[in-house]
Every structure is written in structure tokens, then in C-alpha cells.
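Notes follow the structure.
All values below were derived from every heavy atom in this structure, side-chain atoms included, with hydrogens, water molecules and symmetry-related copies excluded. We name chains A, B, ... by the order of the sequence lines, and we start the count at 1 in each one.
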There are 2 protein chains.
Amino acid sequence: MQEDNSIGIVAPQIAHFDTPLALKCGKVLPQFDLVFETYGTLNASRSNAVLICHALSGNHHVAGKYSENDKYPGWWDNLIGPGKPLDTNQFFVIGLNNLGGCHGSTGPKSMRPDSNKPWGADFPIVTVEDWVNSQARLLDYLGITKLAAVVGGSLGGMQALEWTITYPDRVDHALVIASAPNLTAQNMAFNEVARQAIITDPEFYGGNYYEHQAVPRRGLRIARMLGHITYLSDDVMGEKFGRKLRDQIKYSFDVEFEMESYLRYQGDKFAGEFDANTYIRMTRALDYYDPALRYGGDLTQALSGTKAKFLVLSFTSDWRFSPARSREIVKALLDNERNVSYAEITAAHGHDAFLMPDQHYHAILRNYISNITTGDDYAK
Amino acid sequence: MQEDNSIGIVAPQIAHFDTPLALKCGKVLPQFDLVFETYGTLNASRSNAVLICHALSGNHHVAGKYSENDKYPGWWDNLIGPGKPLDTNQFFVIGLNNLGGCHGSTGPKSMRPDSNKPWGADFPIVTVEDWVNSQARLLDYLGITKLAAVVGGSLGGMQALEWTITYPDRVDHALVIASAPNLTAQNMAFNEVARQAIITDPEFYGGNYYEHQAVPRRGLRIARMLGHITYLSDDVMGEKFGRKLRDQIKYSFDVEFEMESYLRYQGDKFAGEFDANTYIRMTRALDYYDPALRYGGDLTQALSGTKAKFLVLSFTSDWRFSPARSREIVKALLDNERNVSYAEITAAHGHDAFLMPDQHYHAILRNYISNITTGDDYAK
């Protein structure tokens with residue numbers, strides 16, 4: 001059954017951009033690559049494109065598999081495919097790896113165009129606004145003037161929101177899921193601890209660890225373990241692990257409780273795969289995002305130029321991006337008399353809920369997306 | 001005004017114990033020292049003693065100063081002194097540094113009695129039960145048969161609770177503040193991340209860093225930064241720091257937001273003072289404490305042998321030891337028809353609230369403590 005509506009085998013593509021990109025930090029990226037994947041078919045009027053923006057550790061591999069026996073489909077495969085809530089029979093879906101990433105787009109571990117060394121510490125800090133600008137370049141490259149929808153959860157939701165601010169004429173619908181108009185001090189504090197764990201790892205070498213054939217694994221592992229605590233709710237950690245012992249108590253610092261085993265496994269796995277320079281940049285992009293800042297803290301003003309229709313979703317047990325934060329976005333949109341639907345979904349899984357195939361959640365998405373009209377629909 | 005009711009200049013004392021102490025982990029400590037302070041006067045019937053149990057990073061210096069110009073009085077000085085809620089005109093108050101500590105009681109950085117090396121990694125993991133047993137030895141040393149009260153917040157509250165279980169005939173009142181009958185999975189997860197930051201610090205040397213003239217500062221710093229996030233509520237972090245920038249955004253990994261400066265300062269300070277081996281043991285004691293475990297998870301049964309009267313207090317914004325956890329203790333005590341008073345105090349400061357001189361909180365403490373009768377009261 002699951003197999004029936006899979007998008008099947010997919011392959012990444014690379015788009016190269018030669019026109020320099022001015023970044024918010026003041027630096028200019030002379031050229032860059034974006035790695036992306038697409039699912040479904042772009043219609044004749046090029047009006048059925050949906051852009052998926054990824055979160056902290058996501059990438060361009062959003063749906064489908066790389067081979068028949070690939071056990072790990074894309075990270076939002078439960079949402080995207082033929083007959084799924086985001087139906088690839090109707091939509092042309094685009095996933096990309098953000099600039100500064102470590103999965104194929106230009107980032108800190110990429111070679112500098114002007115030398116035979118990787119960027120390392122010199123790779124600029126990129127922001128949500130920079131990502132949206134680079135994503136607009138990708139749309140130009142694909143010949144897409146306007147998105148039927150932009151969709152993102154968490155940090156991805158911030159990008160979806162920013163699309164409606166920077167390119168109001170290029171997006172019909174924005175689906176902003178488990179997100180916030182900026183981070184709380186507590187959220188930024190967790191980011192800071194994660195970054196400090198990485199930066200103070202002796203194998204970090206000020207961000208130039210590539211040249212030292214080193215990897216700041218210890219720091220990245222701590223950062224990821226900490227992340228996992230904040231992605232889950234206290235309740236779901238309780239249900240999943242509780243105080244379950246692995247064995248008899250040994251009075252040691254080895255794994256005693258099941259939860260410790262889970263955290264160490266997640267930390268080790270991530271530290272072997274992800275790039276530390278990317279991680280610290282992604283958390284900085286989260287910290288800096290604050291569209292209301294340009295308007296003296298007034299989010300309503302920040303969203304006054306938007307033209308998109310919105311679906312805003314939050315999850316009751318999400319303490320990292322709590323429903324209250326989503327409601328701030330909804331309020332600012334309503335103040336502007338924008339067309340906005342909002343649902344606060346009862347879910348136990350905390351922030352991670354946005355990635356789960358919860359029935360109620362997916363029904364809401366299916367229903368909302370099925371009402372998105374694309375140019376060719378009118379011709380039917 | 002503040003000065004008027006200070007206990008004034010105090011000095012620590014050392015008690016040496018030669019009778020071996022059997023620990024829960026199965027090991028035996030052949031001899032040990034406990035450093036302690038006392039405030040007020042023990043009455044003729046030795047019935048006015050109050051024991052203060054400290055939390056994760058606390059010590060024996062609970063109240064008073066070490067010199068006239070000492071800027072840092074004991075950690076609970078706002079509670080204890082002449083005319084204060086815990087009035088030293090009436091009570092003889094004892095503070096000690098727990099076994100395994102790093103402030104003068106025998107711990108990992110103490111010299112082994114059988115060699116000229118510090119204990120280091122070989123110092124056993126001590127538990128709440130072990131602490132209570134060692135505290136009972138201290139009472140014997142002081143000639144105190146029964147405590148008028150045992151008082152503790154957080155991990156200290158667990159010790160107060162354990163006193164009523166292990167020594168039901170030696171404690172009249174237990175004040176269990178901002179505590180829990182065991183840690184949640186989420187709490188244990190934070191402890192595990194903190195420990196892993198320390199243990200994987202290359203300067204940790206498996207716990208034997210003393211011999212290498214090294215200190216795992218980086219790990220201890222990360223552990224403390226993380227701790228500080230969980231001691232404060234999201235709201236109070238928001239109020240205190242919010243998204244306040246230190247200066248113009250520099251697009252860097254240096255301090256950008258005020259909150260980062262606070263966390264780094266706290267982390268650096270702690271890493272220069274506290275012993276890493278003590279820290280990881282204190283968190284393990286927190287993890288292991290679970291009196292209901294011996295009774296198949298039934299807290300009511302675990303508390304069925306208690307005889308003390310209880311004051312249980314929690315704080316609305318404490319997400320580390322939430323009011324719900326205190327109510328579990330209260331319920332189990334009521335199931336046993338014990339005499340228990342409970343208050344859930346509206347406070348913004350999160351877990352840290354138990355150390356703050358909140359008016360309502362202190363009024364409750366003053367009122368409860370003023371009703372504690374000591375032997376000599378009857379003679380008045």
C-alpha cells in the first residue's frame with residue numbers, strides 16, 4: 001500500500017549560478033550551486049510549482065528514493081507523492097538544499113572559486129532572507145514566475161513566511177508549519193549552547209578543520225543530543241523511554257537508561273554525517289530571523305505587503321515553537337485582513353510532530369492543498 | 001535593614017568519620033569528612049535542629065558571610081537568620097557539603113586514604129540515600145537524635161523526602177521544595193547531555209584529570225550553560241534578555257545577543273570553580289533517585305512508613321520540577337493520611353524561584369516554620 005503512492009526513484013540535479021548574490025551580512029557570493037530535486041510535472045502554464053523549504057538539518061531529498069532498495073526515502077515522503085496530501089499528480093514539487101548547507105549546495109565545505117581550499121570559516125553567515133533570494137534564483141532557472149505554494153516547517157516555515165514578504169507577487173499560498181515570527185530567548189539559548197559545544201571542540205580549529213583532516217565530532221554530537229531533547233515533548237519522551245533501564249543499575253556513567261542510548265545513538269549518527277560549519281550557520285539563521293525588527297517590532301506592519309493566502313499550523317505539545325508563536329503570525333495576518341486558515345493540532349510528538357503522518361494533520365493539509373488552484377485547472 | 005537580620009560571620013567545621021560507610025552502589029567508603037556550618041544555638045533538649053540539604057551545585061555555606069566585607073553570603077541567606085523565615089533565634093540550622101562534593105567534604109578531588117593520589121574516577125557514585133545516611137552520621141556526631149525539620153529544594157528536596165523514608169523517627173517536619181519523586185525522561189536527558197559534554201572533553205582523561213594537571217573546563221562550561229536554561233522559565237528569559245542585541249548585528253559567532261553573554265559568563269565562572277567529577281556524580285544521584293522503584297513504582301507504598309509532617313511547595317513556572325511532580329508527592333502522602341500542606345506558588349522565575357526571596361513564598365515558609373514546635377517550646 002505504502003509503495004503504491006511513492007514517487008519512486010528520484011535523482012538530484014545541480015543548478016549553477018554565476019551572477020553574484022549580495023548577502024544580508026554585506027558580503028557577496030560571487031557564484032554558487034544549488035542542489036535540488038523535483039517531483040511531478042511542471043504544467044504548461046508553469047503554475048503548479050510548490051517549493052519545500054527545509055529546516056535546520058534538512059536537505060533537498062524531500063521525497064522518493066535513490067534506488068529500489070533504498071530504505072530511507074526523503075524526509076517528507078509521507079506528505080509528497082501521487083495521491084498523497086501534496087499530490088504529485090497535480091503539483092510540481094521542488095526541494096533544495098539551502099545555501100551554506102552540506103548536501104551539495106555551496107557551503108562551508110565547498111571549494112572556494114578563487115583557491116583550491118574549502119571555504120571553511122570564511123563562508124559567510126547566510127540568513128533566511130538570503131535563502132529566499134537564492135531560491136528565487138532557482139525559480140528563475142526553472143522558468144517559474146509564481147509558486148502555487150511555498151511550504152515549510154520550523155526554520156522552513158520562516159522561509160515560507162519570508163517568501164510572502166520579499167516576493168509577494170511570486171507566491172499564491174504559504175503553508176507555515178510549527179514555526180514562529182522569531183525565536184524566543186530560550187530557543188536562542190539552546191542554539192548558543194549547541195554552537196559553543198561545536199566552537200570550543202578542539203577539533204574545530206576555528207572552523208578550518210577540513211585542512212586539519214579533523215572533524216569536531218564531539219561538539220556536533222552534543223549539539224544534536226540537545227536538539228533531540230527540544231524536538232520531543234516531555235510527555236513523548238516519557239512515553240517512549242520514561243525511566244526505563246537498559247539493564248540492572250550499574251552505578252556508572254555508561255548507558256543506564258534507554259533514553260541515554262537513544263540520545264547517544266542520534267548524536268553519533270549525526271556527528272558522522274553533518275557538517276559542523278553548516279550547523280552553526282543554520283542556528284544563526286534561526287537566531288537572526290525577525291522580520292518585525294525592520295518595523296520597530298511590529299509584525300503586522302512587517303506582513304502588510306503580503307498578498308499570499310496562508311495556512312498556519314501548530315502542535316499542542318511543541319514547546320520549541322509553541323502554538324502561541326504561530327498565533328502571533330495569524331494575528332498579524334488578520335490585522336492585515338489577509339486570507340488565513342489556522343489549526344492547532346493536538347499531537348503528542350512536540351516539535352517533531354510536523355514531520356509525522358498524523359491523520360488529523362495530514363487531513364488538514366490534504367484539504368487545504370486540494371483547494372489550491374493552478375493555472376491549468378481553469379482550462380480543465 | 002538587610003544587615004540587621006544577617007547571621008553575621010560564620011565559619012565552616014569539619015567532621016571526620018572513621019566508621020566505614022556502605023554505599024548503595026555496593027562499595028564501602030572506609031572513612032570520610034563532611035564539612036558543615038551551623039547557625040543559631042542548639043537548645044538544651046537538642047530538639048531545635050534544622051538540616052538544610054543542598055541541590056546540584058550547592059554546598060555547606062548556606063547563610064552568613066566569611067568576613068565583614070564578604071559580598072557573597074551563603075546561598076540561602078535570604079531565608080535563614082535572626083528574624084528571617086527560618087529564624088536562627090529559635091532554630092539551630094545545619095548546612096553541609098554532600099559526600100562526593102568539591103567544597104571540603106570527601107569527594108573525587110580528595111586524596112585517597114590508601115595512596116597519595118586523589119580519588120578521581122575511582123570515587124564511587126553516591127546516591128540520595130547515601131547522602132541521607134552520611135547526614136545521619138553528622139547528626140550523631142552533633143548529638144542530635146531528631147531533627148525539628150529537614151529542608152531542601154530540588155535535589156535537596158529529594159534528600160528531605162528520603163529522610164522521612166529512611167529515618168522516620170528522626171525527623172519531625174520535611175520541607176520539600178521545587179522537587180519531584182524522581183526525574184522525568186526529559187530531565188535525565190538534559191543530565192546526560194551535560195555529562196557527555198564533560199566526559200568527552202579531551203581534558204577529562206576518564207575522570208583522572210587531576211594527575212594530568214588538566215581541567216575539563218569546556219565540558220563543564222557547556223553543562224552549566226545548559227543548566228542555566230533549564231533553571232529559568234522561557235518567560236523570565238524573555239523578560240530578562242528577550243532578543244536584546246548587545247550591539248549592531250555583526251553576523252558572527254561572537255556574542256550578538258545579551259542572553260549569550262549571560263550564558264557564557266555563567267558557564268565560564270562555574271567552569272573555573274566547580275569540580276567536573278562532582279558534577280557528573282550529582283547529576284547521576286538525581287537520575288537514580290526513585291524511592292517508588294523498590295515498591296514496583298508505587299509511591300504511596302514507598303511513603304507508607306513516613307511519620308513526618310510535610311510542607312510541599314512548587315512554582316508555577318518551574319518546567320524542570322513542575323508542580324505536577326510535587327502533586328504526585330502530595331497525593332502519595334494523602335493516600336497515607338499524612339499531615340501535608342501544599343502550595344503552588346505563582347512565580348515567574350522557573351526552577352530558580354526556590355532560591356528567590358519571593359514575598360508570598362517566604363510568607364508561607366515563615367508561617368509553616370513558626371508552627372514547628374521544639375522540645376524547649378513546651379518548657380516556655
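By the neighbour-count criterion of 12 heavy atoms within 6.0 Å, atom CZ of R294(B) is densely surrounded, having more than that number from other residues, nucleotides or ligands.
Using a 4.5 Å cut-off between heavy atoms, K240(A) does not touch chain B at all. Of the atoms belonging to E256(A), heavy atoms from both backbone and side chain fall under 4.5 Å from chain B. Heavy atoms of L23(B) lying under 4.5 Å from chain A are absent altogether. Both the backbone and the side chain of R281(A) come within contact range of chain B, judged by heavy atoms closer than 4.5 Å. For M225(A), the parts lying under 4.5 angstrom from a heavy atom of chain B are both the backbone and the side chain. Looking at L226(B), the atoms closer than 4.5 Å to chain A (heavy atoms on both sides) sit in the backbone and in the side chain alike. Looking at L263(A), only its side chain comes within 4.5 Å of chain B, counting heavy atoms on both sides. The part of I249(B) that comes within reach of chain A is its side chain, from C-beta onward, which places non-hydrogen atoms under 4.5 angstrom from that chain. Interface residue F190(A): backbone and side-chain heavy atoms are both found under 4.5 Å from chain B. Residue N182(A) touches chain B through both its backbone and its side chain, counting heavy-atom pairs closer than 4.5 Å. Residue N191(B): no heavy atom, backbone or side chain, is found under 4.5 Å from chain A. Neither the backbone nor the side chain of T283(A) comes within contact range of chain B, judged by heavy atoms closer than 4.5 Å.
Electrostatic pairing of E203(A) and R218(B) does not count as a salt bridge here, judged by no charged N lying under 4.0 Å from a carboxylate O.
In this structure, W319(A) and D234(B) have side chains that are not in contact, with every pair of non-hydrogen atoms separated by 4.5 Å or more. Using a 4.5 Å cut-off on side-chain heavy atoms (C-beta onward), F241(A) and Q186(B) make no contact.
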(request) Please assess R221(B) against E192(A) for the test salt bridge (charged side-chain N to carboxylate O under 4.0 Å, His left out), listing each intermediate value before the final yes or no. (result) CA-CA 12 Å; R221(B) 178 174 176 269; E192(A) 170 68 359; 5.8 Å; no
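Residue R284(A) holds its CZ atom at 7.0 Å from CZ of F253(B), rounded to the nearest 0.5 Å. Note that CZ of R195(A) is 11.0 Å distant from CD1 of I222(B), once rounded to the nearest 0.5 Å.
Smallest separation of non-hydrogen atoms from G242(B) and M188(A): O-CE, 3.7 Å. Among all heavy-atom pairs drawn from P202(B) and P202(A), the shortest one is CG-CG, 3.6 Å. Closest approach of M237(A) to A185(B), counting heavy atoms only: O-CB, 3.6 Å.
R243(A) places a side-chain N or O within 3.5 Å of a backbone atom of D287(B) that can act as its donor or acceptor partner.
Ring-plane geometry between F257(A) and Y288(B) is classed as tilted, the angle between the planes lying from 30 to 60 degrees on a 0 to 90 degree scale.
By number of non-hydrogen pairs under 4.5 angstrom with chain A, the leading residue of L293(B), D201(B), D290(B) is D290(B). Chosen from M259(A), E260(A), K24(A), E258(A), the residue pairing most often with chain B at heavy-atom distances under 4.5 Å is E260(A). With respect to chain B, the highest number of heavy-atom pairs below 4.5 Å among L183(A), L232(A), I199(A) belongs to L183(A). For the set S252(B), P124(B), S322(B), A194(B), the count of heavy-atom pairs under 4.5 angstrom toward chain A peaks at S252(B).
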